[in-house]
Each structure stands twice: as C-alpha cells, then as structure tokens.
Novice: 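Sending over a structure as structure tokens; questions will come in a sec.
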Amino acid sequence: MEASIYLDYNATTPVLKPVVDAMLPYITTHFGNPSSGHSVGRQTRTACEHARQQVAALLNCTAEEVVFTSGGSEANNYAIKGVVWPAFRRLQSENPPRIPHVITSVVEHPAVREVLNYLEEDHKCSVTTLAVDEHCRISIDELRKSVLPNTVLVTIMHANNEVGTIQPIEEIRSALDERPDIVIHTDASQSVGKIATDVRALDVDLLTVAGHKLYATKGCGALYKRASLDLETLIHGASHERGLRAGTENVIQVVGLGEACALARIRLQRGDTHSAEMRDRLCAQLRAQFDDAQMRINNHPIHCLPNTLSVSFRGLLSAEVLRELSEQVAASAGSACHSGAVRISPVLQAMQVSPEWAQGTFRFSVGVPTTVDEIDRAVALVSKAIQEKIKEN
C-alpha cells in the first residue's frame with residue numbers, strides 16, 4: 001500500500017532533514033543552560049544567538065528585535081496583550097476614563113480572534129472587525145474609516161490559512177499616516193517562508209512566526225518587536241530574552257527554527273517556484289475534469305500564497321470525501337459534519353460563499369517535499385471520489 005499523499009502543509013509541515021541535523025547536537029551533546037557563565041552554557045548561548053540572527057535575516061530586522069516564543073499562539077498573545085494592557089491603564093486614568101480600541105478582521109485565526117474576545121469580554125478593549133470581499137481581502141478604506149481617537153492597535157493576518165489570501169499589510173501604515181501612535185501587528189504564521197516577510201517593507205511593529213509552518217518543530221516560534229516599541233511582558237520570571245520573555249531558552253527548537261529560517265531565506269532568494277508549480281498543476285488537472293457549474297476556485301487571482309488551493313464542488317460534502325480518502329490523501333475541508341449537521345468555515349461565510357458551494361470546499365496546500373507524482377495520484381483519487389459522489393447525487 002502506497003503512503004498517504006500529504007497535501008495539508010498549511011496545517012503543519014514535516015521537519016526538514018537539515019533542520020533535524022542542526023538540532024541533533026543539542027539533543028545528544030550540547031545541553032548547557034544558555035544563562036550559565038561557563039563554557040558549557042556559552043556554547044548553547046552562542047547557538048541561540050546564531051539562530052536569532054538567522055530569523056532576523058529572514059525578516060530583515062535586527063537580532064535584538066527577535067523574541068523566541070513557544071509558537072504562534074504565544075507570540076499573538078504577547079503582541080496583543082502587550083499593547084492593550086498598558087493602553088488600558090493609561091486610558092483609564094483619563095477623565096473621563098476610556099478603554100483601548102482595536103481593529104482586526106473577520107477572518108483571523110483563533111489565536112488572534114480568541115485573544116481579542118477575551119480582552120473584550122473582560123472590558124479591557126473594544127474591537128472593530130473588518131469585513132472581507134469575495135476573495136477574503138480587507139478594504140483599506142474601511143480600515144481607515146474605523147480608526148477612533150482611542151485606537152491603539154491594528155492586528156490583521158498577513159495570509160489566510162484557509163484560502164491563502166494575502167492582505168495589503170504594507171498599505172496599512174500609510175492609511176494611518178495621521179496616527180503614527182497606532183501599533184500594527186500581523187500574524188504571519190502562514191506566510192513566513194512562503195513569500196517575503198520583510199518587516200521594513202511591510203512597515204509593521206509586531207510580526208508573528210510559527211515554527212511548525214515552515215519546517216521547524218511544533219512548540220517554537222518568534223515575535224518580531226520593533227526596537228522602539230515598549231511591550232508589556234506576558235510571561236514573568238527571570239530575565240531571559242533580554243527581560244522580554246521569562247523561561248530558559250528551548251535551545252533544541254530555537255536552533256531548529258533558525259535553520260528553518262535560513263533554508264527559507266535561500267529558497268526565497270533564488271526565486272523558488274516549486275510550490276506554485278505543484279499548486280498550479282493540481283488546479284489545472286482539476287479544471288480539466290470539472291466545469292464551472294461543478295467547481296469554483298476560492299483563491300484570490302493575484303494576492304495568494306503560492307502553495308494554497310481552495311476549491312469548492314457544488315452540492316458535495318468535502319468532509320465526507322476526505323474521510324473516505326483519509327488513508328490515501330491528507331487535505332483539509334472547508335466544512336465539518338457533526339451529528340448530521342454541516343458547519344461551514346467562518347472564513348467561507350465571511351467571503352459569502354453560498355452553502356451549496358462552501359460545504360464542498362477542499363483546501364489543498366503543497367510544500368517543499370511535494371512531488372509531481374503525488375499531485376497526479378492525488379488528483380486521480382480525489383477526482384474519482386468526487387465523480388462518484390456527483391453520480392450519487
């Protein structure tokens with residue numbers, strides 16, 4: 001029996017062999033505490049600082065602007081709470097007291113959305129949620145109109161995890177030209193390593209990195225924090241990470257994240273088109289077998305991650321198809337079935353994809369290891385399963 005074809009790289013990625021090789025000495029040999037002053041500790045401290053430089057090189061920032069975290073969720077929590085909490089205390093001291101205002105989008109990952117829900121329910125901030133168009137893009141004009149005197153933060157994801165849409169992050173700063181005090185954060189968990197994430201070009205104050213989305217291990221990540229920005233500490237304790245994040249550094253995973261970022265930088269510098277070629281091959285073969293009345297593409301025609309294909313089949317239940325193919329093809333559905341009820345993804349709802357299309361949505365996401373043979377076999381398997389469902393209907 002052939003191995004399952006993995007087309008779910010937006011969910012997580014395998015750890016590339018060079019990343020494993022870079023980590024291995026820090027599993028088997030170099031175990032020192034980076035805070036220790038002796039040679040054993042200096043060895044791991046040097047490794048952590050080298051990794052910090054590798055992350056900084058990918059993001060085009062200084063090493064001092066990189067804070068290592070346990071992953072994207074922690075980085076998002078740190079970014080959002082680190083801005084809102086001190087702003088809340090400051091605005092509460094005014095007469096009359098006010099609370100901070102935050103602008104976000106309706107298609108954010110729960111790692112952002114739930115943080116804001118928590119803060120709003122705790123009366124620590126108010127939130128304006130921007131709508132998206134049929135391709136999942138926000139409107140910069142609507143963002144500009146949403147700014148209030150007490151707006152302290154804009155947090156908009158760089159690229160959507162479900163449909164791959166890239167948001168116009170680089171336009172936000174100019175839209176806020178009269179309010180340079182507003183902090184801009186972007187969750188770039190899905191984009192880092194796939195497209196350029198130059199923090200200077202994006203002109204953001206905070207940017208989230210999730211290691212397991214770019215061929216490092218789960219449980220590691222980073223937050224870019226502009227050097228001039230003061231951010232309230234999330235995790236208190238000793239003075240690790242220059243006093244920004246307590247906890248002995250996870251040397252093994254930090255080294256792996258650094259190596260993964262170095263490899264990503266090489267791929268981007270050489271203009272690697274492998275993922276786009278695999279995604280386009282998958283799309284073209286599906287288009288050749290299904291007409292517009294049966295299939296629609298949800299991707300933005302221009303502003304989309306090169307590895308992501310979101311495609312819907314009218315009147316189908318993608319969750320059922322993928323369940324039947326679960327031993328052969330690994331991909332994600334845009335809807336879920338529970339107790340006979342179909343729950344459609346909030347992202348597809350926000351894009352106003354009708355239920356008859358949304359419930360038949362597949363997200364295929366390719367990666368560095370994806371091969372032509374895998375694409376061809378996956379299309380054959382998926383197409384056959386869909387054709388059978390169409391006949392049944």
Side-chain angles (χ1 to χ4, degrees), residues 12-13 15-16 18-26 30 34 43-79 82 111 157-159 169 184-229 231 234-235 240-270 272 368:
T12 196
T13 59
V15 182
L16 294 179
V19 176
V20 175
D21 292 341
M23 294 167 60
L24 198 57
Y26 300 91
H30 306 310
Q43 194 165 37
T44 52
R45 183 164 64 253
T46 298
C48 286
E49 292 314 307
H50 177 62
R52 198 184 308 277
Q53 291 168 2
Q54 291 174 310
V55 177
L58 179 61
L59 302 180
N60 189 30
C61 64
T62 67
E64 292 70 26
E65 293 175 308
V66 174
V67 182
F68 289 119
T69 69
S70 64
S73 292
E74 183 192 326
N76 285 336
N77 270 266
Y78 186 16
M157 62 172 26
H158 191 199
I169 302 300
I184 301 173
H185 165 247
T186 188
D187 179 358
S189 297
Q190 282 296 341
S191 56
V192 173
K194 296 173 184 148
I195 58 174
T197 47
D198 181 329
V199 296
R200 308 304 183 206
L202 294 173
D203 207 358
V204 294
D205 302 294
L206 298 160
L207 181 144
T208 292
V209 179
H212 78 107
K213 304 292 188 181
L214 70 148
Y215 307 96
T217 57
K218 299 166 185 64
C220 69
L223 178 68
Y224 155 74
K225 183 188 78 67
R226 191 188 293 270
S228 59
L229 177 67
L231 203 62
L234 178 68
I235 298 177
H240 306 94
E241 293 296 287
R242 304 175 309 285
L244 297 171
R245 195 266 189 187
T248 300
E249 292 83 356
N250 187 343
V251 179
I252 299 164
Q253 293 187 324
V254 162
V255 168
L257 178 61
E259 184 64 20
C261 286
L263 294 171
R265 185 167 180 245
I266 292 170
R267 291 194 299 271
L268 291 169
Q269 285 180 331
R270 74 185 182 202
D272 192 343
V368 171

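Model, not experiment: these values are computed from the prediction. Only this structure's heavy atoms are used, side chains among them; waters, hydrogens and symmetry mates stay out. Start at 1 with the first residue, then count along the sequence.
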Novice: How long is the span from the CG atom in Leu257 to the NE2 atom in His212, to the nearest 0.5 Å?
Specialist: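 Going from CG on Leu257 over to NE2 on His212, the span is 11.5 Å.
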Novice: Using the test side chain to side chain donor-acceptor pair (under 3.5 Å), find all partners of Thr69 that sit at least two apart in sequence or belong to another chain.
Specialist: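 Scan of Thr69 (side chain to side chain donor-acceptor pair (under 3.5 Å), adjacent residues dropped) gives none.
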Novice: Taking only residues two or more places apart in sequence, or in another chain, which ones meet Glu49 in a side chain to side chain donor-acceptor pair (under 3.5 Å)?
Specialist: Arg52
Novice: If I take atom CD1 from residue Ile266 and atom SG from residue Cys261, how far apart are they, to the nearest 0.5 angstrom?
Specialist: 11.5 Å
Novice: Which residue pairs pass the side-chain hydrogen bond (donor to acceptor under 3.5 Å, both in side chains) test with at least one member in residues 261-270, sequence neighbours excluded?
Specialist: Arg270-Asp272
Novice: Taking only residues two or more places apart in sequence or in another chain, which ones pass salt bridge (charged side-chain N to carboxylate O under 4.0 Å, His left out) with Arg245?
Specialist: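 Expected list: Glu74.
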Novice: Only counting residues at least two apart or in another chain, list the ones meeting side chain to side chain donor-acceptor pair (under 3.5 Å) with Thr186.
Specialist: none
Novice: Can you check side chain to side chain contact (heavy atoms under 4.5 Å, CB included) on Val66 and Val209, steps first, answer last?
Specialist: CA-CA 10 Å; Val66 174; Val209 179; over 6 Å; no
Novice: Restricting to salt bridge (charged side-chain N to carboxylate O under 4.0 Å, His left out), what partner residues turn up for Arg226, sequence neighbours left out?
Specialist: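 For Arg226 the salt bridge (charged side-chain N to carboxylate O under 4.0 Å, His left out) partners, ignoring immediate neighbours, are Asp203, Asp205.
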Novice: Got a second to check how far Ile169's CD1 is from Thr197's OG1, nearest 0.5 Å?
Specialist: 12.0 Å
Novice: Among residues two or more places apart or on two chains, list those pairs meeting salt bridge (charged side-chain N to carboxylate O under 4.0 Å, His left out) that have a residue in residues 254-264.
Specialist: none
Novice: Name all residues meeting the side-chain contact (heavy atoms from CB on, under 4.5 Å) criterion together with Ala111; count only those two or more places apart in sequence or in a different chain, and write none if there are none.
Specialist: Ser73, Asn76, His109
Novice: Tell me, please, which residues at least two apart from Ser189 pass side chain to side chain donor-acceptor pair (under 3.5 Å).
Specialist: Asp187
Novice: I want to check something: taking the side chain as every heavy atom from C-beta on, are Leu263 and Val19 in contact at a cut-off of under 4.5 Å?
Specialist: yes
Novice: Find the distance between CD1 (Ile184) and CG (Leu207) and round it off to the nearest 0.5 Å.
Specialist: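 Those atoms lie 12.0 Å apart.
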Novice: In residues 214-225, what donor-acceptor pairs under 3.5 Å come from side-chain atoms, sequence neighbours left out?
Specialist:
from, atom 1, to, atom 2, distance (Å)
Tyr215, OH, Val368, N, 2.8
Thr217, OG1, Gln253, NE2, 3.2
Lys218, NZ, Thr12, OG1, 3.3
Tyr224, OH, Arg200, NH1, 3.1
Lys225, NZ, Leu229, O, 2.7

Novice: Okay, side chain of Gln190, backbone of His158: is any donor-acceptor separation there less than 3.5 Å?
Specialist: no
Novice: I need the minimum non-hydrogen distance between Gly193 and Ala264, along with the two atoms involved.
Specialist: CA-CB, 3.7 Å
Novice: Considering non-hydrogen atoms only, spot the tightest contact between His240 and Gly247 and give its length.
Specialist: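 Of all heavy-atom pairs spanning His240 and Gly247, the closest is ND1-N, 2.9 Å.
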Novice: Please report the shortest heavy-atom distance between Pro34 and Arg45, naming the atom on each side.
Specialist: O-NH1, 2.6 Å
Novice: Of all residues at least two apart in sequence or in a different chain, which pass the ring pair (Phe, Tyr, Trp, His ring centres under 6.0 Å) check with His30?
Specialist: Tyr26
Novice: Nearest 0.5 angstrom please: Gln53 CD to Glu64 CD, how far?
Specialist: 8.5 Å
Novice: Which distance, rounded to the nearest 0.5 Å, do you find between the OG1 of Thr208 and the OH of Tyr78?
Specialist: 12.0 Å
